[in-house]
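See structure below.
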Amino acid sequence: MQKKEQMYEGKAKKVFATDDPNLVIVDYKDDATAFNGEKKGTIAGKGVINNVMSNHMFQILEKQGVPTHFVEQLSERETLVKKVSIVPLEVIIRNISAGSFAKRYGVEEGIVFDDPTFELSYKNDDLGDPLMNDYHAIALKLATREEIEQLKTMAFKVNDVMKAYFDQLNVILVDFKIEFGKTADGTIILADEISPDTCRLWDKDTKEKLDKDRFRRDLGGVEEAYQEVMRRLMGE
Ligand code: TMP
Ligand code: ASP
């Protein structure tokens, strides 16, 4: 598949056109940002790990009946995916209190919820991705009621599949953010990435953080944490 002009560059990935109008190539970078781009850095080898891990997770999810944008991995950092228009809503599922949830509601991290929570943020860097409820998203015509119900059903399914998968790797899936896209015919599929950038992953025994919180909070051992997740995923 021929890589053509760059269509878009985000904080962690670039997107390129191909000969096929329905397919694009994503190219994962080592760049890392936090706090809406205020903190910048690089995590050596992150692009490779996030590419391989996302594709691994997308294939597991496809097998469990969740449609995704994944088509074919082309290289260490590049993957062919279905072209979608991204629904500008970040969908966040939480199993355990952490991060902005703990801060917003003034609770400690680590409270295990009886049921997972569902939350939406408006994907808008200028506004700092504000938290939003379903009525707000519908009022702003970011999605219809039916589409939001579909996002919710798919997100909980993703959580069920990933929680069980990580559990057998001795990893707790604390929370994660996913994004969905619409294909030319309006079908909603899982897009973007699933990686230590977008999930909170804690070692089951030690509760050690194996995700981007190590970068966000200057905990050290950032590269090692990404490599450890990769090692467990690949069953080494
Ligand atoms: P939060 O607790 O900071 O709201 O993060 C919830 C989850 O979403 C966590 O797994 C990290 C992920 N996340 C992203 O993928 N991108 C972001 O920009 C933010 C703020 C969080
Ligand atoms: N990726 C987000 C940003 O740059 C934040 C995060 O993952 O914490 O701001």
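Residue indices begin at 1 and follow the sequence shown. Read the numbers this way: they start at 1 and go in the same order the structure lists the ligands and their atoms.
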Exercise. Could you find the nearest protein heavy atom to atom 15 (O) of ligand 1 and give me its residue, atom name and distance?
Key: K177 CE, 3.0 Å
Self-check item: Nearest neighbour in protein (non-hydrogen) for atom 11 (C) of ligand 1
Solution: R216 NH2, 3.5 Å
Quiz item: Does ligand 1 have an atom under 4.0 Å from some heavy atom of K103?
Solution: no
Quiz item: Do the side-chain N and O atoms of N95 and N159 include a donor-acceptor pair separated by under 3.5 angstrom?
Solution: yes
Quiz item: Can you list the ligand 2 atoms lying under 4.0 Å from a non-hydrogen atom of G37?
Solution: 3 (C), 4 (O), 9 (O)
Self-check item: Note, E224 side chain near R214 side chain (heavy atom, < 4.5 Å)
Solution: no
Quiz item: Quick one: do the D185 and T187 side chains pair a donor with an acceptor below 3.5 Å?
Solution: yes
Quiz item: Roughly how far apart are D31 CG and K46 NZ, rounded to 0.5 Å?
Solution: 7.0 Å
Practice problem: Any atoms of ligand 1 less than 4.0 Å from a non-hydrogen atom of S100? List them with their elements. | Solution: 1 (P), 2 (O), 3 (O), 4 (O)
Exercise. Could you tell me which atoms of ligand 1, counted from 1 in the order shown, lie closer than 4.0 angstrom to a heavy atom of C199?
Key: 10 (O)
Quiz item: Within a strict 4.5 Å, meaning less than it, do heavy atoms of the V87 and L142 side chains meet?
Solution: no
Quiz item: Does F166 have its ring centroid less than 6.0 Å away from the ring centroid of F176?
Solution: no
Quiz prompt | Those atoms of ligand 1 less than 4.0 Å from some heavy atom in T198 | solution = 10 (O), 12 (C), 15 (O)
Quiz item: Of the backbone atoms (N, CA, C, O) and the side-chain heavy atoms from C-beta on, which set of E38 has a member under 4.0 Å from an atom of ligand 2: side chain, backbone, both, or neither?
Solution: neither
Quiz prompt | Contact summary for P196 and D211, nearest pair of heavy atoms | solution = O-CB, 3.5 Å
Quiz item: Is a salt bridge present between D27 and K3, judged by a nitrogen-to-oxygen distance below 4.0 Å?
Solution: yes
Self-check item: Proximal ligand 2 atoms for N36, defined as those under 4.0 Å from one of its heavy atoms
Solution: 3 (C), 4 (O), 9 (O)
Quiz item: Which atoms of ligand 2 have any heavy atom of F35 under 4.0 Å away?
Solution: 5 (C), 9 (O)
Practice problem: Say whether D30 and T42, considering side chains only, have a donor N or O and an acceptor N or O under 3.5 Å apart. | Solution: no
Practice problem: Please could you name the atoms of ligand 1 that F176 approaches to less than 4.0 Å, counting only its heavy atoms? | Solution: 10 (O)
Self-check item: Identity and separation of the nearest protein heavy atom to atom 17 (C) of ligand 1
Solution: E90 OE1, 4.3 Å
Self-check item: R94, any N or O under 3.5 Å of ligand 1 N or O
Solution: yes
Practice problem: Please report which non-hydrogen protein atom sits nearest to atom 7 (O) of ligand 2, along with the residue it belongs to and the distance in Å to one decimal place. | Solution: K212 NZ, 2.8 Å
Quiz item: Is the closest basic N to carboxylate O distance between R216 and D213 below 4.0 Å?
Solution: yes
Practice problem: Would you mind checking which non-hydrogen protein atom is closest to atom 4 (O) of ligand 2, with the distance to 0.1 Å? | Solution: T33 OG1, 2.4 Å
Quiz item: What atoms of ligand 1 come closer than 4.0 angstrom to any heavy atom of G99?
Solution: 2 (O)
Quiz item: What residue and heavy atom of the protein are closest to atom 3 (O) of ligand 1, and at what distance?
Solution: R200 NH2, 3.6 Å
Quiz item: Near D197, which atoms of ligand 1 are under 4.0 Å from a heavy atom of that residue?
Solution: 15 (O)
Quiz item: How about atom 20 (C) of ligand 1: does it have a protein heavy atom within less than 4.0 Å?
Solution: no
Quiz prompt | Charged N-O contact under 4.0 Å between K204 and D167 | solution = yes
Quiz item: Do the ring planes of F58 and H69 sit parallel (below 30°), tilted (30 to 60°) or perpendicular (above 60°)?
Solution: perpendicular
Exercise. Could you tell me whether K13 and D197 make a salt bridge, using a distance below 4.0 angstrom between a side-chain N and a carboxylate O?
Key: no
Quiz item: When you measure from atom 8 (O) of ligand 2 to every protein heavy atom, which one gives the shortest distance, and what is it?
Solution: R216 NE, 2.6 Å
Quiz item: Backbone or side chain, does any N or O of D197 fall under 3.5 Å from an N or O of ligand 2?
Solution: no
Quiz item: Nearest to atom 10 (O) of ligand 1 by heavy atom, I93, L173, D175: which?
Solution: D175
